[in-house]
Structure formats: C-alpha cells, structure tokens
Amino acid sequence: MRLYDTYTRSLVELPSAPGPIRMYVCGPTVYARAHIGNARPFVIGMWLRSWLRATGYDAQLVHNITDINDKIYDAAPGASAGLAARATGWYLEDTGDLGLGMPDRLPKATESVPQIVHFIEELIESGHAYAAGGDVYFRVASFPDYGRLSGQKLDQVEQGEEPSALKEDPRDFALWKANKPATEDTWWDSPWGRGRPGWHIECSAMAEEIFGPAFEIHGGGLDLVFPHHENEVAQSRALGHPFAQIWAHNGMLRFTGEKMSKSVGNVATIRETLDEWGREAVLVFFLTASWRKPIDFSPETMAQAAARRDTLRNAFTLAGAEHDEAGWAVFAAVLDDDFDTPAALAVLHEWASTGQLELLRRGLQVFGLESLAERAEAPAEVVELAEQRVAARAARDFETSDRLRDELGARGWQMRDEPGGAYTLVRDT
RNA sequence: GGCGCCUUGGCCGAGUGGUUAGGCAGCGGCCUGCAAAGCCGUUUACAGCAGUUCGAAUCUGCUAGGCGCCUCCA
C-alpha cells in the first residue's frame with residue numbers, strides 16, 4: 001500500500017505486510033463539543049487501521065486528547081480541569097457513536113507530564129532548548145531542517161506565537177510555560193518551576209512514549225502542518241529520533257464556503273449531525289471525498305450521502321448473484337493506492353447493482369458500514385398491519401390498504417409490495 | 001509578502017495522452033390498483049487563452065477564480 005506523504009510530497013510505499021504499522025493521529029483540544037470537521041481525522045484513522053488490519057498488518061492507532069491548553073483556561077476560568085474532563089467524555093461518546101470502535105490508545109496530556117518534562121530536559125541538555133524566566137523554549141536556529149515539512153522558509157515566517165522578551169529568536173516556540181496564577185488553575189512542578197507543557201511537545205512525548213523514537217504514520221488535519229507538526233518533527237529529530245516515516249494530512253471540511261472551525265463559528269457538532277442524519281450517512285459522506293481533499297458539508301451533500309446509503313442498503317433486499325471473487329482485487333487495489341475511498345465507493349455500488357452481496361458486505365465492513373447488510377426484524381404488530389394490508393389489497397380495498405401503508409410508515413417501516421401478496425418490510429431511517 | 005492545494009456535466013466525485021468511472025438529481029419507459037424498490041434507455045463535461053503532439057480533461061506556459069497555512073485550530 002502507498003500513501004501520500006506531506007514531508008516528501010509524494011506517494012510513499014508502506015513496508016510490506018505483515019508487520020507493524022504504528023499510527024499517531026492528532027486529536028482534539030477538549031473545551032467544547034467537537035464539530036463534524038473534527039471527526040474527519042478520527043474516521044480516516046479508524047478506517048485506515050481497519051483496512052491495514054484487513055490486509056495483514058498489525059496496525060495500531062494512537063489518538064491523543066489535548067487537555068491542557070489556553071482555550072480550556074479561557075472557556076472555564078477557575079474550572080478548566082472539570083471542563084476538560086467533561087469535554088473528553090463528550091468526544092469519546094460522539095466518536096464512539098460513529099460505530100467504528102476506538103483507537104488502541106487515547107493518551108492525555110495531563111497524564112503524560114513526566115514524559116514531557118523528561119523530553120524537555122533532553123532538549124535542553126542537547127542544546128536545542130533553553131530555560132528563561134520559568135519558560136522553556138525550543139531553539140529553532142539549532143535545527144537546520146526547521147521548515148522542511150511545511151515548506152516554509154525561515155526568513156519568511158511571520159512572527160511566531162506570542163512574542164516574548166524571553167525568547168532568543170521570535171520564531172522559538174514554548175515547550176514549557178510558567179504558570180500564570182491569575183488565569184491558569186492547573187499546573188505541574190518541574191525543574192523550571194510551576195507551569196504546564198506547551199502544545200507541540202505533548203505529541204512528540206506521547207507518540208514516543210508509546211511507540212518509541214520511530215513509527216510509520218503520523219496523521220492529523222492539514223491545518224496542523226505548520227506550526228504544530230513542524231515543531232513536533234523539530235523536537236524529535238533534534239534528538240536524533242527518526243519520528244514519523246509518513247505524514248498523512250487530511251483535507252479540511254468546509255461549511256458555508258470556508259473551513260469549519262469554532263473560531264469562524266460555522267460549526268455543526270458531531271452530535272447534531274449524527275442525530276440528524278444517522279451514523280451511516282455520515283460515514284458515506286466521508287467516503288465520497290478523497291481523504292486529502294477538502295470536503296463540503298451541506299444539507300445537499302449530506303442528503304446525497306443518505307441517498308447513497310439507501311441504495312447500498314436496498315441491495316440486500318434483492319436477490320444475490322454469483323460471486324466474482326476477483327472483484328475484491330479491484331476494491332483492494334484502489335484502497336492500496338492512497339486509500340482512494342471514492343473509487344472504493346464506486347466498487348461498492350457496482351457490487352450493489354450486480355447483487356454481489358457477500359463482497360458488498362465485506363467491503364462495507366472495512367468502513368464500519370456492515371449494519372447496512374442487516375435486515376431489522378419487524379415487530380409482531382408491524383407484521384400484523386402488513387398482513388391486514390395484504391388482505392385489504394386482495395379484496396381490492398385500496399383505501400384501507402393505503403391507510404395501512406401510511407400507518408406502517410408512521411411507525412418507521414416501509415412496505416414494498418411484491419407479486420403474489422408477498423412483501424418486504426424495510427426500516428426507514 | 002511567503003508556502004501549498006484546487007477548478008470535470010444540475011450536484012457530488014473518479015480519471016495523468018487515444019476506451020462508458022460511479023453516485024445523486026432530471027427526463028422517457030417497464031413493473032405496480034397507486035406507490036416504493038428495482039430494471040432499461042437518455043440529456044448536460046472537462047474555468048479561459050496559447051502551445052507541445054498524429055491525437056489532451058490528461059503535458060507546458062499564461063490568465064481568471066476558489067481554498068488552506070504563516071496566530072488557537074482536525
């Protein structure tokens with residue numbers, strides 16, 4: 001399998017199966033309900049793990065929770081830890097309801113502070129970082145490759161994060177921030193005094209704590225390339241660690257013409273979207289676009305995804321056909337080529353229209369959509385109504401039969417007539 | 001100002017030199033008491049201009065438009 005790598009800007013071949021594929025995908029900062037854009041890296045990460053496992057790899061997914069951050073302090077003055085814990089719960093609940101299972105590990109920054117402190121100490125010892133006034137900064141000038149991941153030229157980078165007189169260079173970034181008692185109600189003791197980790201160092205520390213100094217794939221949103229991931233590589237490679245082999249950045253989800261983001265305010269939460277459209281439509285929606293490209297979220301695109309979901313599900317109410325086992329190779333080939341889910345979706349539709357139901361079921365399973373193959377059993381009262389309708393139709397009492405059909409619809413069941421008084425009951429969504 | 005991505009038919013979205021992507025929607029038909037589902041048929045393409053080539057949606061250049069990052073951001 002090959003995947004597009006941001007660092008080399010090319011398709012990179014994965015080591016051949018079987019073997020370990022260790023994936024680290026950046027997770028959310030927990031201070032509010034996550035929006036549907038936040039779900040994209042999660043979904044892609046889970047699908048990738050699923051596909052890699054299906055093709056013989058020992059794939060592991062680590063997805064971090066950033067529960068130390070200015071946003072959290074700002075959103076809950078004096079009660080940041082409580083908000084972070086609550087929002088972590090929401091995130092686990094919302095992503096859990098996508099029905100894709102859970103990552104292998106979900107490390108939290110607050111539980112990794114000792115590893116982070118240790119990492120910073122090593123950077124100071126090696127001359128790549130320096131302590132100043134209770135803060136610790138990474139010395140960007142000490143790492144010649146800085147800017148290579150994002151393609152930034154150092155002399156063109158605008159002023160870095162918040163300017164500070166303590167920095168040697170304005171582009172240096174904080175690894176450790178001294179506690180500000182007025183606004184920051186959580187802190188940890190460190191060799192540099194009370195404080196808390198910077199954002200970028202947590203990922204380097206947690207990824208390496210779990211995977212060691214080298215792993216195969218690092219994922220996250222395209223908006224994290226600079227400065228977040230640039231800083232991560234700098235920290236880890238400054239210590240001589242290979243770090244990630246492939247940088248897999250997913251495209252942004254757009255809503256109302258621009259990136260969905262809390263700061264713009266054009267958000268729909270995962271919760272709302274699941275409630276309105278159902279998990280299967282949400283997953284089909286993500287399937288329709290290449291993982292690297294932007295995807296437009298709108299009532300129209302969601303409705304189309306829901307219609308496709310129905311087409312796929314309806315296939316299981318029809319008669320199956322002979323299986324063409326060779327068909328699987330086509331499906332595998334498109335996924336192995338940069339995880340082309342739109343092409344895979346076309347294959348699923350092909351199987352749906354030709355009645356290759358066993359292949360279709362297997363294909364859907366890769367994406368957590370095997371539920372589309374399940375036929376819900378109608379409760380006795382629904383079957384009773386259906387039988388009454390069969391009788392009414394036999395008696396050519398169409399007024400009654402139409403009324404019964406409406407009644408079934410109101411109970412969430414669609415009745416499809418078939419020749420000879422037979423019928424199929426399908427659960428509406 | 002710097003770095004990068006994108007522009008395919010009503011909508012979404014594949015396709016990297018010569019062959020129907022696929023889906024949704026539309027239209028006509030079959031089926032049905034009427035529907036639904038399904039099936040058959042069918043309309044609308046490659047932003048613009050110039051170039052390379054026997055031949056370009058596919059390569060090159062320019063123009064126009066859109067998006068992301070450079071500040072927290074999946």
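Every chain is numbered from 1 and lettered A, B, ... according to where its sequence line falls, protein lines coming before strand lines. In what follows, every heavy atom counts, from backbone to side chain, and hydrogens, waters and symmetry copies are set aside.
In this structure, A:Arg237 fails the cation-pi test against A:Phe243, since its NZ or CZ atom is not both closer than 6.0 Å to the six-membered ring centre and inside 45 degrees of the ring normal. A cation-pi arrangement is not found for A:Lys180 relative to A:Tyr73, the charged atom failing to lie both closer than 6.0 Å to the ring centre and inside a 45° cone about the ring normal.
A donor-acceptor pair is defined here as one N or O able to donate and one able to accept, closer than 3.5 Å; no such pair exists between the side chain of A:Asp145 and the backbone of A:Ala234. The main-chain N or O of A:Arg33 is never found under 3.5 Å from a side-chain atom of A:Asp94 such that the two would form a donor-acceptor pair.
Each of A:Asp340, A:Asp5, A:Asp338 was compared with A:Arg292 under the salt bridge (Lys or Arg N to Asp or Glu O under 4.0 Å) criterion, and only A:Asp338 meets it. Shown are A:Lys177, A:Arg194, A:Arg196; of these, the salt bridge (Lys or Arg N to Asp or Glu O under 4.0 Å) with A:Glu184 is made only by A:Arg196.
Pair assignment for B:rC67 gives B:rG4, based on Watson-Crick or G-U wobble hydrogen-bonding distances that are each under 3.5 Å. Applying the Watson-Crick and G-U wobble criteria (two distances, each under 3.5 Å), B:rG26 pairs with B:rU42. Nucleotide B:rA37: unpaired (no Watson-Crick or G-U wobble partner with both distances less than 3.5 Å). Both distances falling under 3.5 Å, in either a Watson-Crick or a G-U wobble arrangement, occur for no nucleotide opposite B:rU16. Using Watson-Crick or G-U wobble geometry with both donor-acceptor distances under 3.5 Å, B:rC59 finds its partner in B:rG51. Across all strands shown, B:rU32 has no partner, as no Watson-Crick or G-U wobble contact with both distances under 3.5 Å is found.
Rounded to an integer number of Å, the gap from CG of A:Leu360 to P of B:rG38 is 13 Å. Protein atom CG of A:Leu224 is 10 Å distant from nucleotide atom P of B:rC69, rounded to whole Å. In this entry the distance linking CG of A:Leu318 with P of B:rC31 reads 19 Å, nearest Å. A straight line from CZ of A:Phe286 to P of B:rG23 spans 23 Å, rounded to a whole angstrom. The CG atom of A:Asn231 sits 12 Å away from the C1' atom of B:rC70 (whole-angstrom rounding). Here B:rC12 presents its C1' atom at 11 Å from CD of A:Glu300, a figure rounded to the nearest Å. Between the CG atom of A:Leu312 and the C1' atom of B:rG23 there is a distance of 9 Å, rounded to whole Å. Atom CD of A:Glu230 and atom P of B:rU71 are 12 Å apart (whole Å).
Annotation: side chain of A:Tyr137 is not in contact with side chain of A:Phe173 (no heavy-atom distance under 4.5 Å).
Distances shorter than 4.0 Å separate some side-chain N or O of A:Lys259 from OP1 or OP2 on B:rC69. In terms of phosphate contacts, A:Thr311 brings a side-chain nitrogen or oxygen within less than 4.0 Å of OP1 or OP2 of B:rC24. Regarding contacts with the backbone of B:rC72, every side-chain N or O of A:Ser261 stays at 4.0 angstrom or more from both OP1 and OP2.
Residue A:Gly219 is out of contact with every strand shown, counting any heavy-atom pair closer than 4.0 Å. Nucleic acid contact for A:Arg389: base, since at least one base atom lies under 4.0 Å from a heavy atom of the residue. Counting non-hydrogen atoms under 4.0 angstrom, A:Arg396 reaches the backbone sugars and phosphates but no base. Nucleic acid contact class of A:Gly37 (heavy atoms, under 4.0 Å, all strands): base. Within the 4.0 angstrom heavy-atom criterion, only backbone atoms of the sugar-phosphate kind lie near A:Glu258; the bases stay farther away.
The nearest heavy atom of RNA chain B to A:Pro227 and to A:Pro294 marks one nucleotide each, and the one closer to the 5' end goes with A:Pro294. Annotation: of the two residues near RNA chain B, A:Arg292 and A:Arg393, the 5′-most nearest-nucleotide partner is A:Arg292.
Atom name P, nucleotides B:rU43 and B:rG23: the rounded distance is 16 Å, in whole Å. Here the separation of B:rC72 from B:rU60, taken at their C1' atoms, is 41 Å to the nearest Å. Across B:rC69 and B:rG61, the matching P atoms stand 27 Å from one another, rounded to whole Å. For B:rC12 and B:rC49, the C1' atoms lie 28 Å apart once the distance is rounded to whole Å. Nucleotides B:rU20 and B:rU8 are separated by 15 Å at their C1' atoms, to the nearest Å. Remark: the separation of the P atoms in B:rU53 and B:rA45 is 29 Å, to the nearest Å. B:rA47 and B:rG13 have their P atoms separated by 15 Å, with the value rounded to a whole Å. Remark: the separation of the P atoms in B:rC54 and B:rA21 is 26 Å, to the nearest Å.
In this structure, the nucleotide among B:rG33, B:rG13, B:rA37 sitting nearest to the side chain of A:Thr317 is B:rA37. Side-chain proximity of A:His349 to B:rG22, B:rA36, B:rC24: nearest is B:rG22. Of all nucleotides listed (B:rA14, B:rA74, B:rC24), B:rA14 comes nearest to the side chain of A:Ser290. Each of B:rG33, B:rG22, B:rA37 was ranked by its minimum atom distance to the side chain of A:Arg416; first place goes to B:rA37. Each of B:rC12, B:rC3, B:rA74 was ranked by its minimum atom distance to the side chain of A:His35; first place goes to B:rA74.
Considering OG of A:Ser50 and CG of A:Leu61, their distance stands at 11.5 Å, rounded to 0.5 Å.
You'll find the ring centres of A:Phe367 and A:Trp47 inside the 6.0 Å limit. Between A:His229 and A:His200, the gap from one ring centroid to the other reaches at least 6.0 Å. For A:Tyr4 and A:Trp291, the ring centers are positioned 6.0 Å apart or more. For A:His63 and A:Tyr91, the distance between ring centers is under 6.0 angstrom.
Counting distance only, with no hydrogens placed and no angle test, the side-chain atoms of A:Gln304 and the base atoms of B:rG23 include a donor-acceptor pair under 3.5 Å. Within 3.5 Å, no donor on the side chain of A:Asp417 pairs with an acceptor on the base of B:rC31, nor the reverse. Counting atom types as modelled, A:Asn314 pairs no side-chain N or O with a base atom of B:rG38 as donor and acceptor under 3.5 Å. The base of B:rC24 is not paired with the side chain of A:Arg309 by any donor and acceptor separated by under 3.5 Å. For a distance-only test at 3.5 Å, the side chain of A:Arg405 fails to qualify as a donor-acceptor partner of the base of B:rA36.
Residues from residues 246-255 of chain A placing a heavy atom under 4.0 Å of any atom in RNA chain B, listed by number, are A:Asn250, A:Gly251, A:Met252, A:Leu253, A:Arg254. Applying a 4.0 Å cut-off to non-hydrogen atoms, none of the residues of residues 42-51 of chain A approaches RNA chain B.
Within 6.0 Å of CD on A:Glu377 lie no more than 12 heavy atoms contributed by other residues, nucleotides or ligands.
Residues meeting the side chain to side chain donor-acceptor pair (under 3.5 Å) test with A:Ser236, sequence neighbours left out: A:Ser204, A:Glu208.
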